[in-house]
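All remarks here apply to the structure that follows.
First the proteins, then the strands, lettered A, B, ... as listed; each starts at 1. What you see is a predicted model; the values in this text were computed from it and never measured. Side-chain atoms are counted along with the backbone in the values below, which use heavy atoms only and exclude waters and symmetry mates.
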2 protein chains.
Amino acid sequence: MTTAQRPTLEAVARRAGVSRATVSRVVNGSTTVAEPIRAAVHQAVAELGYVPNLAARSLVTQRTDSIALIMPEAATRVFSDDQVFPGIIRGVSQELEAADKQLVLMLAGSPAGRDRVERYTTGRHVDGVLFASLHGADPLPARLARLGIPVVSSGRGLGDSPVPYVDVDHVGGVTRAVRYLIENGRRRIATIAGPQDMVAGIERLTGYRDTVAAAGLPELVAYGDFTRESGAAAMRTLLTEHPDLDAVFAASDLMAHAALRTLREAGRRVPADVAVIGFDDIETAAYTEPPLTTVRQPILELGRAGTRQVLRIAAGETVEPALILPTELVLRASA
Amino acid sequence: MTTAQRPTLEAVARRAGVSRATVSRVVNGSTTVAEPIRAAVHQAVAELGYVPNLAARSLVTQRTDSIALIMPEAATRVFSDDQVFPGIIRGVSQELEAADKQLVLMLAGSPAGRDRVERYTTGRHVDGVLFASLHGADPLPARLARLGIPVVSSGRGLGDSPVPYVDVDHVGGVTRAVRYLIENGRRRIATIAGPQDMVAGIERLTGYRDTVAAAGLPELVAYGDFTRESGAAAMRTLLTEHPDLDAVFAASDLMAHAALRTLREAGRRVPADVAVIGFDDIETAAYTEPPLTTVRQPILELGRAGTRQVLRIAAGETVEPALILPTELVLRASA
DNA sequence: TTGTATGCGTTATCAG
DNA sequence: CTGATAACGCATACAA
């Protein structure tokens with residue numbers, strides 16, 4: 001069933017009494033076609049319900065008008081209640097819509113997924129590739145770039161790769177947050193760090209370390225992986241090891257949210273006893289109890305900027321090897 | 001730059017000293033190839049870094065090995081902090097990964113976006129289409145189906161369309177929730193209804209209406225659009241119009257979350273003064289203050305089931321016109 | 001301005 | 001089991 005034989009250029013040409021080439025010109029908006037002929041072709045197209053076969057077109061034009069967004073991350077992780085990935089997707093989507101390109105979303109958590117991604121992109125099914133949420137020193141971006149595929153990374157990867165990237169100012173944001181805590185008299189400032197195989201995790205920890213060290217304060221560190229569960233566990237650890245802490249900087253809002261609850265369960269008042277600052281400024285941050293003071297990163301813009309870079313490379317332009325977007329401390333009630 | 005001329009079947013064939021046909025057989029895993037030749041071809045493929053051109057393959061096979069997920073919804077809406085869309089994407093993604101197909105995500109909020117979607121899908125760039133979050137009586141699914149494109153809707157659309165769908169048991173879930181409130185002595189039960197241009201909004205309201213009516217209780221209704229802001233506004237309206245209400249059923253967890261906060265701001269204790277039940281069971285529900293009692297819908301499974309149906313249709317099988325997944329009342333502290 | 005002819009890279013049909 | 005060869009549907013250089 002299905003597959004009601006679709007009309008081809010040839011069919012339209014016969015119906016309109018012209019050649020295939022002419023139909024092709026009309027369909028692609030060439031201006032060098034006489035008005036009456038153009039009208040006849042348009043009518044034939046409408047009558048037959050002709051739609052160009054994109055595979056055939058790609059074959060000759062060498063373009064697909066679609067861009068891949070690759071997240072080397074299990075789907076589970078990408079779509080937890082973390083707003084970061086959705087935000088990036090949204091930014092990418094906006095920018096592609098403006099450019100009239102299609103978004104091909106590829107989650108590459110498993111090894112099989114990574115294979116698929118590689119086959120698909122190297123198979124020239126997309127005009128460019130945007131990576132997001134790189135772990136460790138992933139060799140895939142550089143490999144694709146070497147094959148001549150336009151590729152950009154949204155959020156820097158580990159190691160030095162020749163792939164252009166867009167990222168936010170992690171260190172700057174964290175520094176402002178920790179300084180704010182210090183200025184408000186906090187002296188036992190702990191941190192719930194993010195995963196240390198990601199630049200975001202590493203740099204946010206660096207920002208914390210440098211700032212407390214500069215103030216002559218001790219380092220109180222526990223590790224999480226940006227999720228709520230890991231944040232709760234890390235907060236419990238911190239409370240056990242450093243019961244006298246008076247502030248916590250969490251490397252993600254989800255971990256901060258969990259810390260808030262864990263602190264309350266432990267009988268600590270926020271911010272009276274312990275001040276809490278997060279990182280991200282996801283929507284939920286305004287609805288926690290108390291509302292969360294946090295470092296806002298321009299997630300949407302991260303996706304948009306990355307996409308613009310890919311499109312520019314695909315168009316043959318050259319782009320800046322790095323683009324850093326600003327972060328900002330958003331004051332609410334938790335610190 | 002870029003475009004380092006990619007090797008073709010032809011090149012591999014020359015290098016291996018065989019014909020194109022043979023290379024094609026090896027690449028596609030045909031068993032009718034002598035072992036030494038197969039080895040030679042594999043080596044040539046590896047040496048040249050050959051990757052099949054997917055457009056060319058599609059052109060002849062009439063398949064693309066990719067499925068489109070269409071959300072007729074502005075990106076802003078899809079990726080707010082609502083967990084529903086991400087959950088569906090995740091389910092679809094899992095199922096497609098298992099089937100070794102690619103996911104093409106299409107947000108079609110704007111009219112231009114809808115055009116793109118139509119061109120792209122009718123252009124045979126995908127083997128099938130899954131719709132999610134239909135508004136009103138969207139004619140697009142039926143139109144695509146008429147063109148012979150395998151299409152399924154995840155979440156039913158309004159009006160009677162011949163398109164197969166997968167949905168959850170909205171009415172059943174809401175009925176259980178409202179009955180639970182009644183059994184616990186609540187008598188002034190209000191609802192914050194969802195958008196009435198969506199089946200999910202309509203049916204959840206219906207479930208509420210039927211259940212309170214059957215118990216001889218009054219209908220106290222305010223409307224929202226599933227978002228937090230709309231939930232807060234609706235809650236304020238309800239408090240003004242029915243200050244004596246003792247329970248609220250909100251048609252989404254986000255609206256329930258906002259209701260929780262609005263009630264607290266109004267000096268009402270939850271659940272002592274007012275019981276609150278939501279719908280969805282997003283992750284945040286377990287972290288609200290107090291933790292939210294809610295109707296869980298199997299979001300992930302909604303995506304997975306829909307995807308399986310599309311794949312089956314694309315494989316030439318016929319599928320059930322409707323598939324209804326169960327919902328479940330999850331008791332926490334808010335009711 | 002329009003038509004003709006060719007090629008894009010594969011797969012599939014047929015002989016051999 | 002392998003190799004020619006013909007589609008697949010379109011865009012474009014070139015000719016008219």
Side-chain angles (χ1 to χ4, degrees), chain A residues 3-42 44-45 48-65 119-120 122-127 147-148, chain B residues 3-42 44-45 48-66 119-120 122-127 147:
Chain A
T3 321
Q5 202 60 333
R6 304 196 58 62
T8 68
L9 260 196
E10 178 69 39
V12 177
R14 270 201 307 272
R15 176 125 186 170
V18 298
S19 72
R20 290 204 314 259
T22 298
V23 177
S24 176
R25 290 189 188 103
V26 173
V27 168
N28 290 293
S30 164
T31 49
T32 67
V33 178
E35 191 46 42
I37 292 200
R38 168 192 307 279
V41 170
H42 273 135
V45 164
L48 266 43
Y50 169 76
V51 180
N53 179 314
L54 269 28
R57 176 177 287 172
S58 291
L59 191 54
V60 40
T61 60
Q62 308 277 31
R63 287 181 304 100
T64 64
D65 290 325
R119 286 206 315 272
Y120 197 83
T122 55
R124 291 279 186 253
H125 233 25
V126 292
D127 297 340
L147 285 171
Chain B
T3 320
Q5 205 59 331
R6 303 195 59 63
T8 69
L9 261 196
E10 179 69 38
V12 177
R14 271 201 307 272
R15 176 126 189 168
V18 298
S19 72
R20 289 204 313 261
T22 298
V23 176
S24 175
R25 289 187 189 102
V26 172
V27 169
N28 290 291
S30 164
T31 49
T32 66
V33 178
E35 191 45 42
I37 292 201
R38 168 192 308 281
V41 170
H42 272 136
V45 164
L48 267 43
Y50 168 76
V51 179
N53 179 315
L54 269 27
R57 175 179 287 172
S58 291
L59 190 53
V60 41
T61 60
Q62 308 275 33
R63 286 180 305 99
T64 64
D65 290 326
S66 60
R119 286 206 314 273
Y120 197 84
T122 56
R124 291 276 184 258
H125 233 25
V126 293
D127 297 341
L147 285 171

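- Between Arg124(A) atom CZ and dT10(C) atom P there is a gap of 12 Å when expressed in whole angstrom units.
- To the nearest angstrom, P of dG9(C) lies 15 Å from NE2 of His125(A).
- Between the CD atom of Gln62(B) and the P atom of dT11(C) there is a distance of 14 Å, rounded to whole Å.
- The bend of the helix from dT1(C)-dA16(D) to dG16(C)-dC1(D), defined by the angle between the axes of its first five and last five pairs, stands at 40° to the nearest 10°.
- At a threshold of 4.5 Å between non-hydrogen side-chain atoms, the residues His42(A) and Val12(A) do not count as touching.
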**Request:** Mark up nucleotides 1-7 of chain C, 5' to 3', with B wherever a protein heavy atom is under 4.0 angstrom from a base atom, S wherever such an atom reaches only the sugar-phosphate, and - elsewhere.
**Result:** SSBB-BB
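- Across all strands shown, Val12(B) has no heavy atoms under 4.0 Å from either base or sugar-phosphate atoms.
- In this structure, the nucleotide among dT11(C), dG9(C), dC10(D) sitting nearest to the side chain of Leu9(A) is dC10(D).
- Here dC10(D) presents its P atom at 3 Å from OH of Tyr50(A), a figure rounded to the nearest Å.
- Scored by the side-chain hydrogen bond (donor to acceptor under 3.5 Å, both in side chains) test, Thr61(B) finds no partners at all (sequence neighbours excluded).
- Considering only heavy atoms from C-beta on, Ser66(B) stays 4.5 Å or farther from Asp127(B) through its side chain.
- Between Tyr120(A) and His125(A), the ring planes lie perpendicular to each other; the angle is over 60°, past the 30° to 60° tilted range.
- Legend: residues meeting side-chain contact (heavy atoms from CB on, under 4.5 Å) with Ala16(A), ordered by chain and number and at least two apart, are Val18(A), Val41(A), Ala44(A).
- Here Arg25(A) pairs with nothing under the side-chain hydrogen bond (donor to acceptor under 3.5 Å, both in side chains) rule; sequence neighbours left out.
- The distance between atom CG of Asn28(B) and atom C1' of dA12(C), rounded to the nearest whole Å, is 11 Å.
- Atom pair Arg57(A):CZ and dC10(D):P shows a separation of 8 Å (rounding to whole Å applied).
- dC8(D) atom P lies 17 Å from atom CZ of Arg63(B), rounded to whole Å.
- Taking atom CD of residue Glu10(B) and atom P of nucleotide dG9(C), one finds them 10 Å apart after rounding to whole Å.
- Here Asp65(B) pairs with Arg63(B), Lys101(B) under the salt bridge (Lys or Arg N to Asp or Glu O under 4.0 Å) rule; sequence neighbours left out.
- In this structure the side chain of Arg57(A) reaches within 4.5 angstrom of the side chain of Val27(A), judged on heavy atoms.
- Put simply, Thr8(B) has no side-chain N or O that comes within less than 4.0 Å of OP1 or OP2 on dG9(C).
- At least one side-chain heavy atom of Leu48(B) sits less than 4.5 Å from a side-chain heavy atom of Arg15(B).
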